[in-house]
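Encoded as C-alpha cells, the structure appears first; notes follow it.
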Amino acid sequence: MAHTAAVATEAPPGALPGQHPGSEFAPLLRTVKGRGLLERRHGWYAREIALNALALATVVTGVLLMGTSWWVLLLAPVLAVLSTRTAFIGHDAGHSQITGDKSVSRLIGLIHGNLLLGLSHAWWNDKHNRHHANPNHIDKDPDVAADVLVFTREQAGERAGFRRWLTRNQAWLFFPLTLLEGIALKVSGFQDLRRQPPRERTVEALLLVAHVIGYACLLLVSMSPGKALAFTAVHQALFGLHLGLSFAPNHKGMEMPDPDAARWGHLRRQVLTSRDVRGGPLTDWFLGGLNYQIEHHLFPSMPRPHLRLAQPLVRAHCRETGIPYVEAGLVDSYRQALRHMREVGEPLRSQYP
C-alpha cells in the first residue's frame, strides 16, 4: 500500500525527481511508454477488487454458518490468503497503479488497508515511500533499519542482550517471526496515529477501530471464545507468513549502497538492490506481482498485469548498459535471503560457539 516518492512535474513519468532525460533510465522509459505499459488497467483492477470482495464475503458467510464447529478453523487459512490478496490491492492503490485520482486511490487504500485488514494506509505509505526512494540504503530505507532483524555486520555488532541472541539466530528465526508480522503491522499502524495530521488521524483511527470491532464481533457472535482465539491465531499467523513469503525475496541479500559514496542514478539504484523471482502464473498470483520487483521499483505506478510484459524490455536494457539483472527461482530466492541474514550474524556466532 504505497506510492513511491512524488514525481516532479519536470521529471518523466515513472522517474524520480532529478532524473534527467539523458540518463541510463531515459531510453528504457521511452520504450516502456511507447508500448503503453504505464497506462492504467481499470477493468482488470475492477474485476480483481470485485472477485476479492466476493471471496471475502463468502468466507464471512462460511464463518457465520460453521462457527459452532471446529471445522470453521479450515476457513482461517483461506481468509489468510484473501487477506494477503487484499493487502496487494491496497499496495497497488498506494502506488497509483489502479487510478491516477489520488482521492480514489486513498479511498481504495483505506478500505483495503484500514477497514478490511486493520493496517494503516497512511503509515504504510509513508514507510514504503521512503523504501522505494532509497532501497537497501542503510540510512534511508526503513526496511533495513535495525529492529528485530539486522542487515549489516555493523548493525549486528551493536546488538546486546536478547537482541544479540536474535541476531545470532535470525536466519533460523526469520520465517517463525513472520507468523507475528500481521499483528506487528497492526500495532505499528496504531502507533503511527500520533504522527498523522488531525483530520487524517481521525479517519484512519475510526476505520482501524471499526476493523477491530467488526473482526471481534464476527468471531464472537459465530463461535465460542476458545474457537475465536484459535481462529484468530491461525488466521493472523498465516497472514503474516504469506506477507513474509511475498516480501522476503525482494531485496534481502542484494546490493546495499554505500552511504558515503556517490548516489546512484534511478536505474542502478533500483536494479542493483532488487531481485526478480522466476515462475509462471501461479507465482505471479501468489506473490501479487511483487516477483517482478525490479520492474515494480523502476516503474512503481505500472499496473500489476503489465509488469511481466515490461520484464523482457528491462532485462534487455540492463544487458545493453552492463548492469547486472538478478533473477532466482522462488526457493532459491529464499535461500539467498536467509544466507545473507546468516552471514550478518556470523561474527556473533563465532564469538559464542
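Worth saying up front: this structure is predicted, and the values here are computed from it rather than measured.
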Would you say [X]'s side chain and [Y]'s backbone share a donor-acceptor pair under 3.5 angstrom?
| X | Y | value |
| --- | --- | --- |
| H112 | G90 | no |
| T152 | Q155 | yes |
| R342 | W172 | no |
| R168 | R349 | no |
| S105 | T99 | yes |
| N136 | E255 | yes |
| K33 | E39 | no |
| E295 | P300 | no |
| R275 | K252 | yes |
| E200 | P197 | no |

### Message
Does R308 have more than 12 heavy atoms from other residues, nucleotides or ligands lying within 6.0 Å of its CZ?
### Response
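Check fails, neighbour count at 12 or below.
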Tell me yes or no: between the side chains of [X] and [Y], is some donor less than 3.5 Å from an acceptor?
| X | Y | result |
| --- | --- | --- |
| Y215 | H235 | yes |
| S120 | E204 | yes |
| R106 | N125 | no |
| T86 | N52 | yes |
| D192 | Q196 | yes |

Euclidean distance, [Y] [atom2] relative to [X] [atom1], rounded to 0.5 Å:
| X | Y | atom1 | atom2 | result |
| --- | --- | --- | --- | --- |
| S69 | M223 | OG | CE | 10.0 Å |
| F190 | L208 | CZ | CG | 4.5 Å |
| Y292 | H306 | OH | NE2 | 12.5 Å |
| S333 | Q336 | OG | CD | 7.0 Å |
| H128 | D126 | NE2 | CG | 12.0 Å |
| I294 | L272 | CD1 | CG | 9.0 Å |

Are [X] and [Y] close enough that some pair of their side-chain heavy atoms sits under 4.5 Å apart?
| X | Y | answer |
| --- | --- | --- |
| L37 | L307 | no |
| M254 | S274 | no |
| H317 | T31 | no |
| R35 | L313 | yes |
| T178 | L243 | no |
| D143 | K127 | yes |
| F299 | V314 | yes |
| L220 | K227 | no |

### Query
Of H137, H95, H297, which is the lone residue that meets ring pair (Phe, Tyr, Trp, His ring centres under 6.0 Å) with H131?
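So, applying the ring pair (Phe, Tyr, Trp, His ring centres under 6.0 Å) to H131 and each of H137, H95, H297, only H297 qualifies.
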Hydrophobic cluster identity match, [X] and [Y], side-chain contacts under 4.5 Å:
| X | Y | result |
| --- | --- | --- |
| V187 | V148 | no |
| V277 | L245 | yes |
| L116 | I108 | no |
| F239 | L185 | yes |

### Task
Give me the one residue out of H296, M302, R304 that meets side-chain contact (heavy atoms from CB on, under 4.5 Å) with D92.
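When side-chain contact (heavy atoms from CB on, under 4.5 Å) is applied between D92 and each of H296, M302, R304, only R304 qualifies.
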What closest approach, in Å, do [X] and [Y] show between heavy atoms, and which atom pair accounts for it?
| X | Y | answer |
| --- | --- | --- |
| S246 | T84 | OG-CG2, 4.4 Å |
| P305 | Y45 | CD-OH, 4.4 Å |
| T167 | A156 | CG2-CB, 3.8 Å |
| H211 | K186 | NE2-CE, 4.0 Å |
| L115 | A210 | CD1-CB, 4.0 Å |
| P249 | Y334 | CG-CE2, 3.4 Å |

### Task
Using the side-chain hydrogen bond (donor to acceptor under 3.5 Å, both in side chains) rule, take D276 and N291 through it: C-alpha gap first, then chi angles, then the decisive distance, then the call.
CA-CA 5 Å; D276 271 19; N291 47 311; over 6 Å; no
### Query
Taking the six-membered ring of W165 as reference, does the NZ or CZ atom of R159 fall below 6.0 Å from its centre and within a 45° cone about the axis?
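No, R159 does not sit over the ring of W165.
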### Task
Starting from the C-alpha separation in whole Å, work towards a yes-or-no answer on side chain to side chain contact (heavy atoms under 4.5 Å, CB included) for V72 and L65.
CA-CA 9 Å; V72 73; L65 294 176; over 6 Å; no
### Under the salt bridge (Lys or Arg N to Asp or Glu O under 4.0 Å) test, residues paired with R315 that sit two or more places apart
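So R315 forms a salt bridge (Lys or Arg N to Asp or Glu O under 4.0 Å) with E327.
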### Task
Start with the C-alpha distance between E346 and R153, add both sets of side-chain angles, then the distance that settles side chain to side chain contact (heavy atoms under 4.5 Å, CB included), and finish with yes or no.
CA-CA 8 Å; E346 179 61 36; R153 292 195 173 187; 4.0 Å; yes
### Task
List the steps, then state whether side chain to side chain contact (heavy atoms under 4.5 Å, CB included) holds for L166 with Q170.
CA-CA 5 Å; L166 278 177; Q170 64 179 6; 5.8 Å; no
### Task
Would you sort out whether F88 and F286 count as a ring-ring contact (aromatic ring centres under 6.0 Å, His included), showing the intermediate values?
CA-CA 10 Å; F88 289 154; F286 181 73; 8.4 Å; no
#### Entry: Derivation of the side chain to side chain contact (heavy atoms under 4.5 Å, CB included) call for I98 and R40
CA-CA 6 Å; I98 301 174; R40 307 247 171 23; over 6 Å; no
